[in-house]
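So the structure is just underneath, and the comments pick up after that.
Each chain gets a letter, A, B and so on, in the order the sequences are listed, and its residues count up from 1.
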Amino acid sequence: MISLVYEIKEETGKDGRKVYRIDREHLLELMGDLKKEGYDHLSLISSVDFRDRIEVVYHLEKSSDNFSIIVVKTETRDTHVPSVTSLWESANWDEREQYDMMGIIFDGHPDLRRILLPEGWIGYPLRKDYDMSKVQYVNMDEEGNDYVSFDPGDGW
Amino acid sequence: MESDLTHKYIELNMGPQHPSTHGVLRLKLTLDGETVKKVEPVIGYLHRNAEKICELDFYCDALIYFDRMDYVGAMNMEVGYLEAAEKLLNIEPPERVKWIRVIMAELNRIASHLVWAGAFGLDLGMLTPFFYVFEEREKVLNLFTEICGSRQETNYMSIGGVYQDFNDKIIYRIKEFLDEFPKKLEEIYNLFVKNDVFISRTKNIGILEPEVALSYGVTGPMLRASGVPYDVRKDEPYLVYDKVNFTVPISRKKDVLARFIVRFEEMRQSVKIVKQALEKLPDGPYFNPKARKSLMIRLRGEGDVFARTESTKGEFGVYIVGDGSVKPYRVHVRSPAFKNLSVLPYLSRDVLIADMVAISGSIDLVFGEVDR
């Protein structure tokens, strides 16, 4: 059972799924308890940019109970969220993707690098304030690594 | 590891342009002779950020970007997006549409698994089955051309309906295909499993324990080959999958061969599902009048919805957040191939390069979906 040392707000989502809202200080404790309860499959980590805050959404599945889903939501105003890679291996690539696209920094992640975009990309594309009018070009620097700049002629 | 052993290990790049990486996967290998010590997949070469593009368009327009994610299983992508979008927009498709979608999704599953089998054979050096599977796949794609006018990126479904209704001729053609397909499928199956080289290249290679698979988020035929009977069609039925009779094939052997056998058994089950669906196909409208063409761009949705479906690769999830306007506020896609690929470094420790190719082939990678 979930211990009550922290406060969770329970609600029902539009699709009828159970949603737990938790502040990020207690996120790891709640996730650890859910894992012990049998939620052994982290389906996905997604995030939504509400301009003043970023909401991080976890969908967990319980393999012993027909993979029923529980949703955990937390929010951050300074883009820092604790990492859950110690609990589920799949969080590794998921968190890298969210870092890449939304710029969320997962504290405690072993290898937080961009995964889909080249290293050195300027800005986080899924943020609402991302400037899509500026084109970025991926070139090569002298050592053969990806080099990103706004100037198509820049680079090796 | 680097300091005293650098003379021993060789670093090698495999891909992005390599025949056995199924598109544009780059693998950074650390080799000891011919044994793989470490592998690091580098992805993103086909990245288009479909999630951002979806935010710029109306709900109905986002569909075509889903076609282009898993381009060999486009029907399943459309079903996945529409499951989420219709829940968010409160639009219920008519009964006939649900059955039509099941038929199309299952025919597409057959086509996708056939392509996988052909490409997997090529990875292992078997050229002959490739021609056999593409002949059969072409028949499915010809059916698609007749029904919706295009082969792969069909854009057949729309919110609350489908683009065109089935007529008697189509139903006759599908039945004709289903009658002769099982025989051909056995022929293709035997081409693989009666080949000793194929068996020795796949048996006991790439053993994936169920606990590890769950922890890495692996789903689909890969997870079922590890002995976990997880299929969204059974565990959380969508469309009308609770009204058709089929079994979820699993295997307890956990290796590459098990994944092959599970996929072939799934094709046999798909034939069974389509046959039942054709029998039960009810009459009625083929679109919901609330989402007819003139109203489609005025649909508004609020709240957040997560819908999961069983695509050809595994659990395909779509998370949509609406803010009450005519465009989605945020779309996030759970791509099964992306998660399945993340287990490759775990599976390819201390295996030969040739075995690693067999393992990466057994994942069923489509890079439109991994990179999105």
Please look at D371(B) and chain A and tell me whether the side chain, the backbone, both or neither of the residue comes under 4.5 angstrom of a heavy atom of that chain.
-> both
Can you tell me how far CG of D231(B) sits from CG of N66(A), rounded to the nearest 0.5 angstrom?
-> 11.5 Å
Are D304(B) and K73(A) within salt-bridge range, i.e. N to O under 4.0 Å?
-> yes
Measuring from D100(A):CG to H47(B):NE2, what's the distance to the nearest 0.5 Å?
-> 6.5 Å
Against chain A, label V305(B) side chain, backbone, both or neither, depending on which of its atoms sit under 4.5 Å from a heavy atom there.
-> both
To the nearest 0.5 Å, what is the distance between OG (S342(B)) and CZ (R96(A))?
-> 10.5 Å
Can you tell if the side chain of H332(B) reaches within under 4.5 Å of the side chain of M101(A), non-hydrogen atoms only?
-> no
In terms of heavy-atom proximity below 4.5 Å to chain B, should H59(A) be classed as side chain, backbone, both, or neither?
-> side chain
Looking only at L117(A), V57(A), N92(A), most heavy-atom pairs under 4.5 Å shared with chain B are made by V57(A)
Would you call R308(B) and I69(A) a side-chain contact if the rule is heavy atoms closer than 4.5 Å?
-> yes
Contacting region of V71(A) [heavy-atom separation from chain B under 4.5 Å] | neither
Contact class of I53(B) relative to chain A, heavy atoms under 4.5 angstrom | neither
Contacting moiety of E211(B), where chain A heavy atoms sit under 4.5 Å = neither
Rounded to the nearest 0.5 angstrom, the CD-CD distance for E61(A) and E236(B) is 8.5 Å
Contacting moiety of F338(B), where chain A heavy atoms sit under 4.5 Å | both
Which one, V333(B), L341(B), V370(B), V232(B), leads in non-hydrogen pairs under 4.5 Å with chain A?
-> L341(B)
Around atom NZ of K128(A), are there more than 12 heavy atoms of other residues, nucleotides or ligands at under 6.0 Å?
-> yes
Check R127(A) against K52(B) and note the closest heavy-atom contact, atom names and distance.
-> O-NZ, 3.1 Å
Contacts of residues 105-116 of chain A with chain B (heavy atom under 4.5 Å) = R113(A), I115(A), L116(A)
Relative to chain A, which segment of A84(B) carries a heavy atom at a distance below 4.5 Å: side chain, backbone, both, or neither?
-> neither
Per-residue contact mode, E315(B) against chain A (heavy atom under 4.5 angstrom) = side chain
Side-chain (K339(B)) to main-chain (S43(A)) donor-acceptor, under 3.5 angstrom = yes
Mind checking whether F306(B) and L44(A) have side chains closer than 4.5 Å, heavy atoms only?
-> yes
Interface check, chain A: of L46(B), V321(B), N49(B), most non-hydrogen pairs under 4.5 Å belong to N49(B)
Please name the pair of heavy atoms, one in V218(B) and one in H41(A), separated by the smallest distance, quoted to 0.1 Å.
-> O-NE2, 3.7 Å
May I ask you to say whether E55(A) pairs ionically with R330(B), meaning some side-chain N is under 4.0 Å from a carboxylate O?
-> no
With chain A, which of V343(B), V42(B), I43(B) has the greatest number of heavy-atom pairs at distances under 4.5 Å?
-> I43(B)
Positions in residues 81-91 of chain A that reach chain B, provided some heavy atom is under 4.5 Å away = W88(A), E89(A), S90(A)
Any side-chain heavy-atom pair of F67(A) and L214(B) under 4.5 Å = yes
Under 4.5 Å from a heavy atom of chain A, the part of N90(B) involved = side chain
Distance from S63(A) atom OG to L223(B) atom CG, nearest 0.5 Å?
-> 9.0 Å
Shortest non-hydrogen contact from Y329(B) to D49(A)?
-> OH-O, 2.7 Å
Where on Y319(B) is there a heavy atom nearer than 4.5 Å to chain A: the side chain, the backbone, both, or neither?
-> side chain
Contact class of V228(B) relative to chain A, heavy atoms under 4.5 angstrom | side chain
